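Structure, as structure tokens:
Below, all heavy atoms of this structure are taken into account, side chains as well, without hydrogens, waters or symmetry copies. So that the names make sense, note that chain A is the first sequence line, chain B the second, and so on, each numbered from 1. This structure is a prediction, so every number in the text was calculated from the model and none was measured.
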2 protein chains.
Amino acid sequence: MKMMKLPEKTVERLSIYRRTLLDCLAQGKTHIFSHELANLHNITAVQVRRDIMFIGYSSMQRKGYDVKELIDVIGGIIDSEARQNVAIIGIGNLGRAITTYFMGKRSKLNIVAAFDLDPNKIDRMVSGVKCYSMQNIEEIVKEKDISIAILTVPADSAAGTTERLVQAGIRGILNFTTVPLNVPSSVHLEEYDMITSLEKVAYFVKKQAG
Amino acid sequence: MKMMKLPEKTVERLSIYRRTLLDCLAQGKTHIFSHELANLHNITAVQVRRDIMFIGYSSMQRKGYDVKELIDVIGGIIDSEARQNVAIIGIGNLGRAITTYFMGKRSKLNIVAAFDLDPNKIDRMVSGVKCYSMQNIEEIVKEKDISIAILTVPADSAAGTTERLVQAGIRGILNFTTVPLNVPSSVHLEEYDMITSLEKVAYFVKKQAG
DNA sequence: TAATTACTGTTATTACAATAACATTGTTCG
DNA sequence: CGAACAATGTTATTGTAATAACAGTAATTA
């Protein structure tokens with residue numbers, strides 16, 4: 001059990017590497033060089049090796065990394081040993097895209113509930129996930145031991161919903177809304193702001209042009 | 001015209017500040033202190049002041065920043081003087097959410113076209129935007145002088161579509177797909193990877209628990 | 001077997017971002 | 001007025017991430 005703490009950016013890249021490696025494995029590739037992995041992600045081979053150094057894995061010299069082993073090692077680092085239960089708060093296309101990705105991936109991340117206001121969805125299955133009424137958030141979160149919430153509700157209900165999630169004991173929130181959230185430091189918050197991302201692209205496009 | 005280059009993170013925060021400031025203005029607030037703005041975003045007042053220092057704006061001492069002025073100054077920095085035309089490639093909920101946000105915001109960012117494969121959408125208006133066939137990407141991009149693309153297509157067509165966009169002369173891409181893209185360095189690429197974000201939340205939740 | 005090649009793993013350096021410390025300036029109030 | 005206050009603007013320091021430089025090692029080949 002590695003107790004060292006990984007750089008945040010390394011954690012991000014490991015998640016991406018793993019997906020690429022899974023693709024490679026599916027294509028029958030058994031070994032991969034650092035520069036191959038680097039080319040697939042527009043980064044340098046040094047960075048790949050450095051990330052892999054952090055997690056303490058070693059390749060067979062000159063043959064590249066064993067794809068299967070590396071997948072397992074990354075899993076050992078970033079996956080939880082226990083299951084982590086996830087809820088989608090506001091189940092639109094976004095939530096469904098994520099759900100679809102994780103379904104059948106036998107991952108430790110289990111999307112176990114959705115919440116919505118739409119009566120047509122409540123008490124039905126949406127993309128293979130049971131949808132509950134927003135009114136029952138606290139109850140279901142506790143009952144199903146949900147530790148992570150994906151927040152895709154309209155802007156005006158984001159703050160209130162967040163407060164209820166925190167009250168209910170949620171441990172991590174992935175915020176897809178366009179409003180900044182306030183959570184206690186014990187809750188890990190990941191902001192995912194599409195307006196900012198777009199304005200940022202626009203800014204750098206403009207800069208380059210001028 | 002400031003030619004200095006802003007830190008990337010500052011650009012991100014300016015985009016967020018502006019949205020908050022617009023809300024404040026709508027609520028009739030005319031001035032705001034650095035610590036107020038900071039509290040609204042879970043950051044420190046020093047960081048707010050430092051960001052504002054970068055763009056060269058000065059408040060009236062002791063009265064906080066003039067909300068309206070600050071909005072304009074931020075706009076002068078991050079907005080383009082010319083219009084920047086944007087296309088949504090694959091118009092699902094995601095694209096529609098972004099479109100809806102920018103509609104009526106009299107922003108310099110104009111979403112002028114959508115592309116999709118679905119014959120039910122092609123040649124119709126979707127969320128106020130004309131939808132075209134994927135086959136016509138090159139043509140329409142040039143015709144409408146589109147410089148920015150929001151990519152929300154399925155994973156397996158992401159790479160091919162990107163290549164066509166680059167060929168057509170696109171300058172910036174916001175990638176919502178879960179595959180890493182390869183673009184020439186002249187094209188600004190912003191990755192927006194929801195799987196990684198979720199795995200990252202899960203990792204830090206797990207760490208904190210253990 | 002010694003030199004060369006083609007990689008990996010580690011350390012050192014540089015660049016970037018956040019935080020802390022401090023100087024400055026209007027305002028208030030004794 | 002001038003001390004205390006409450007805010008901003010700037011410089012200095014620390015922390016984090018990326019890059020560069022280099023050392024090490026198995027395989028190959030003359």
Exercise. At their closest point, which heavy atom of A/Glu190 faces which heavy atom of B/Lys200, and how far apart are they?
Worked result: OE2-NZ, 2.8 Å
Contact list (N/O, under 3.5 angstrom) for nucleotides 27-30 of chain D vs protein:
none

Exercise. Choosing from D/dG9, C/dT19, D/dA21, which nucleotide comes nearest the side chain of A/Val46?
Worked result: D/dA21
Problem set entry | Nearest-neighbour nucleotide for the B/Thr44 side chain, D/dG9, C/dT8, C/dT19 considered | C/dT19
Exercise. Contacts to DNA chain D from residues 6-17 of chain A, heavy-atom cutoff under 4.0 Å, which residues?
Worked result: A/Pro7, A/Glu8, A/Lys9, A/Arg13
Problem set entry | C/dG9 OP1/OP2 closer than 4.0 Å to side-chain N/O of A/Ser58 | yes
Exercise. Can you tell me if the side-chain N/O atoms of B/Ser34 get under 4.0 Å from OP1 or OP2 in D/dT8?
Worked result: yes
Whole-Å gap separating [atom2] ([N]) and [atom1] ([X]):
X       : N      : atom1 : atom2 : value
A/Asp51 : C/dT10 : CG    : C1'   : 14 Å
B/Leu37 : D/dG9  : CG    : C1'   : 16 Å
A/Met53 : D/dG24 : CE    : C1'   : 15 Å
B/Met60 : D/dA6  : CE    : C1'   : 16 Å
B/His31 : D/dA7  : NE2   : P     : 14 Å
B/Arg50 : C/dA20 : CZ    : P     : 13 Å
B/Tyr57 : D/dG9  : OH    : P     : 9 Å
B/Gln47 : C/dC16 : CD    : C1'   : 13 Å

Problem set entry | Heavy-atom donor-acceptor pair, A/Arg49 side-chain to C/dT10 base, under 3.5 Å | no
Strictly below 4.0 Å, N to O, side chains only: are [X] and [Y] in salt-bridge contact?
X        : Y       : value
B/Lys206 : A/Glu81 : no
B/Arg13  : B/Asp51 : yes
B/Lys68  : B/Asp72 : yes

For this session: Evaluate the ring planes of A/Tyr192 and B/Tyr192, with Trp represented by its six-membered ring, and classify them as parallel (under 30°), tilted (30 to 60°) or perpendicular (over 60°).
Result: perpendicular
Problem set entry | B/Gln208, CD atom: more than 12 neighbouring heavy atoms under 6.0 Å | yes
Exercise. Do other residues, nucleotides or ligands put more than 12 heavy atoms under 6.0 Å from the CD atom of B/Glu163?
Worked result: no
Problem set entry | Side-chain heavy atoms of A/Arg18 within contact of A/Ile78, under 4.5 Å | yes
Exercise. Is A/Tyr17 close to A/Val48 at the side-chain level, that is, under 4.5 Å between some pair of heavy atoms?
Worked result: yes
